[in-house]
Amino acid sequence: MFITFEGIDGCGKSTQLELVEKFLIDNGKEVLTLREPGGTVFAEEIREILLHSHHTISKESELFLFEAARADLVSKVIKPALEQGIIVLCDRFYDSTTTYQGYGRGFDIQTIKIINNLATNGLKPDLTFFLNVSLETSQQRVANKLKDKIENSGDGFFKKIIDAYKILATEEPDRFVEINSEGNIQNTYEKIIEIIRKKLLINY
Ligand code: TYD
């Protein structure tokens with residue numbers, strides 16, 4: 001079972017990921033939690049370049065660096081773990097590329113989907129949670145956080161990202177679940193766990 005978490009900065013992904021990991025472990029599951037870009041030595045190096053280097057990176061280079069990091073993570077870590085029956089949780093996956101590089105930076109969406117598919121060797125998440133918060137809430141929650149290169153892309157960019165995630169939710173309603181994440185942590189957690197219980201047949 002492969003579960004991914006998506007949304008803009010400040011949507012609460014990392015907090016919910018930790019809570020879901022704990023819930024699954026408490027229910028006797030073996031879990032591996034990862035983040036993108038990252039999760040292998042190679043991918044963590046690419047992460048550093050993408051988010052914190054002083055290089056000027058063209059949008060084409062940015063796209064392929066995300067995909068290179070992803071290809072490494074999928075082949076070395078995610079696929080082997082899934083083959084062993086481990087539940088893999090990932091903070092972001094290819095939907096981030098569809099939204100940020102596709103809708104955000106303006107690449108053709110069908111082309112992005114083909115490149116995503118190439119990088120993952122066809123691997124798709126079984127379930128994706130899109131934690132949706134307004135731009136205003138996002139800004140309030142991350143007001144004191146130091147922004148990385150992509151987070152510095154401006155309000156217009158993030159409006160596009162939110163709309164893009166909503167498009168993905170309508171395109172793939174069985175996999176891509178929109179969760180309103182404006183409320184408190186417990187509220188959002190309960191909505192997520194309800195869906196995970198059903199999917200994994202975990203009783204109350
Ligand atoms: P991170 O610090 O993990 O941000 P967050 O906590 O918001 O997830 O940095 C990841 C950044 O990279 C984030 O701004 C989104 C961006 N990103 C893309 O633009 N494309 C991608 O394919 C991925 C995986 C991330």
Side-chain angles (χ1 to χ4, degrees), residues 2-21 33-40 42-53 55 57-74 77-78 88-109 111-120 123-125 128-135 137-165 167-168 176 179 181 185 188:
F2 180 29
I3 305 175
T4 60
F5 292 75
E6 297 282 347
I8 60 170
D9 206 25
C11 70
K13 274 184 296 106
S14 320
T15 308
Q16 295 298 333
L17 249 156
E18 277 175 33
L19 293 171
V20 169
E21 179 185 47
T33 301
L34 302 165
R35 68 166 177 188
E36 269 217 349
T40 65
F42 176 73
E44 289 291 337
E45 285 184 13
I46 294 181
R47 178 186 179 89
E48 205 43 42
I49 295 172
L50 275 166
L51 303 182
H52 306 296
S53 79
H55 305 300
I57 302 176
S58 71
K59 61 179 193 170
E60 290 78 12
S61 302
E62 180 186 270
L63 168 64
F64 284 106
L65 284 173
F66 277 116
E67 299 290 15
R70 176 165 305 131
D72 200 55
L73 181 67
V74 167
V77 181
I78 301 181
V88 178
L89 305 178
C90 198
D91 189 339
R92 299 192 180 280
F93 197 53
Y94 63 65
D95 296 301
S96 284
T97 305
T98 312
T99 52
Y100 283 70
Q101 279 63 54
Y103 289 93
R105 302 274 193 241
F107 282 107
D108 173 66
I109 303 304
T111 307
I112 291 283
K113 288 186 178 177
I114 291 167
I115 302 172
N116 282 342
N117 195 52
L118 204 67
T120 65
L123 178 71
K124 289 186 164 45
T128 298
F129 290 106
F130 159 41
L131 305 191
N132 192 13
V133 289
S134 66
L135 199 54
T137 303
S138 157
Q139 283 166 342
Q140 279 165 17
R141 289 187 186 169
V142 299
N144 297 321
K145 194 185 139 195
L146 207 64
K147 288 192 167 106
D148 66 44
K149 281 169 91 124
I150 290 169
E151 286 158 359
N152 267 322
S153 300
D155 288 4
F157 182 79
F158 285 104
K159 285 213 176 78
K160 282 190 215 164
I161 307 301
I162 296 173
D163 290 345
Y165 276 127
I167 294 171
L168 296 185
F176 204 93
I179 303 276
S181 188
I185 293 173
T188 304

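Numbering of ligands and ligand atoms starts at 1, following listing order.
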Practice task
Would you mind checking which non-hydrogen protein atom is closest to atom 13 (C) of ligand 1, with the distance to 0.1 Å?
Solution key: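 Answer, as residue, atom name and distance: R92 NE, 3.8 Å.
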Practice task
Please confirm whether F2 and F93 have ring centers closer than 6.0 angstrom.
Solution key: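 So the answer is yes for these two rings.
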Practice task
Quick one: look at D148 and ligand 1, take heavy-atom pairs under 4.0 Å, and tell me if it's side chain, backbone, both or neither.
Solution key: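 The answer is the side chain.
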Practice task
With heavy atoms under 4.0 Å as the rule, classify the contact between L51 and ligand 1 as side chain, backbone, both or neither.
Solution key: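 Within the 4.0 Å criterion, L51 contacts ligand 1 through side-chain atoms alone.
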Practice task
Work out whether the distance between some heavy atom of R47 and some atom of ligand 1 is less than 4.0 Å.
Solution key: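 So R47 counts as touching ligand 1.
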Practice task
Answer with yes or no whether R35 contacts ligand 1, where contact means a heavy atom under 4.0 Å from a ligand atom.
Solution key: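 Checking ligand 1 against R35, which is what was asked, there is no heavy-atom contact under 4.0 Å.
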Exercise for the section: Check the side chains of T98 and N116 for a donor-acceptor pair under 3.5 angstrom, ignoring hydrogens and angles. Expected result: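 Judged by distance alone, the side chains do pair up.
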Handout entry: Geometric class of the F130/F176 ring pair [parallel <30°, tilted 30-60°, perpendicular >60°]
Key =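 Ring orientation, 0 to 90° scale: tilted.
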Practice task
Indicate the atoms forming the closest heavy-atom contact of E67 with A119, along with that distance.
Solution key: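 Reported closest heavy-atom pair: OE1-CB, 3.3 Å.
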Exercise for the section: Kindly give the heavy-atom pair with the smallest separation between V74 and T120, and that separation in Å. Expected result: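 For V74 and T120, the tightest heavy-atom pair comes out as CG1-O, 3.6 Å.
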[X] neighbourhood, listing ligand 1 atoms whose heavy-atom distance to it stays under 4.0 Å:
| X | answer |
| --- | --- |
| I150 | 12 (O), 14 (O), 16 (C), 19 (O) |
| E151 | 4 (O), 7 (O), 14 (O) |
| R70 | 22 (O), 24 (C) |

Under 3.5 Å donor-acceptor, [X] side chain and [Y] backbone:
| X | Y | answer |
| --- | --- | --- |
| E6 | L131 | no |
| E151 | D148 | yes |
| T99 | Y165 | no |

Looking only at distance, does [X] have an N or O less than 3.5 Å from an N or O of ligand 1?
| X | value |
| --- | --- |
| Q101 | yes |
| Y100 | no |
| K13 | yes |
| T97 | yes |

Exercise for the section: Identify the residue among E60, K59, E62 that makes a side-chain hydrogen bond (donor to acceptor under 3.5 Å, both in side chains) with Q101. Expected result: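 Going through E60, K59, E62 one by one, the side-chain hydrogen bond (donor to acceptor under 3.5 Å, both in side chains) with Q101 is satisfied by E62 alone.
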Exercise for the section: For atom 21 (C) of ligand 1, state which one of F66, F93, F157, F158 supplies the nearest heavy atom. Expected result: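 Comparing heavy atoms across F66, F93, F157, F158, the nearest one to atom 21 (C) of ligand 1 lies in F66.
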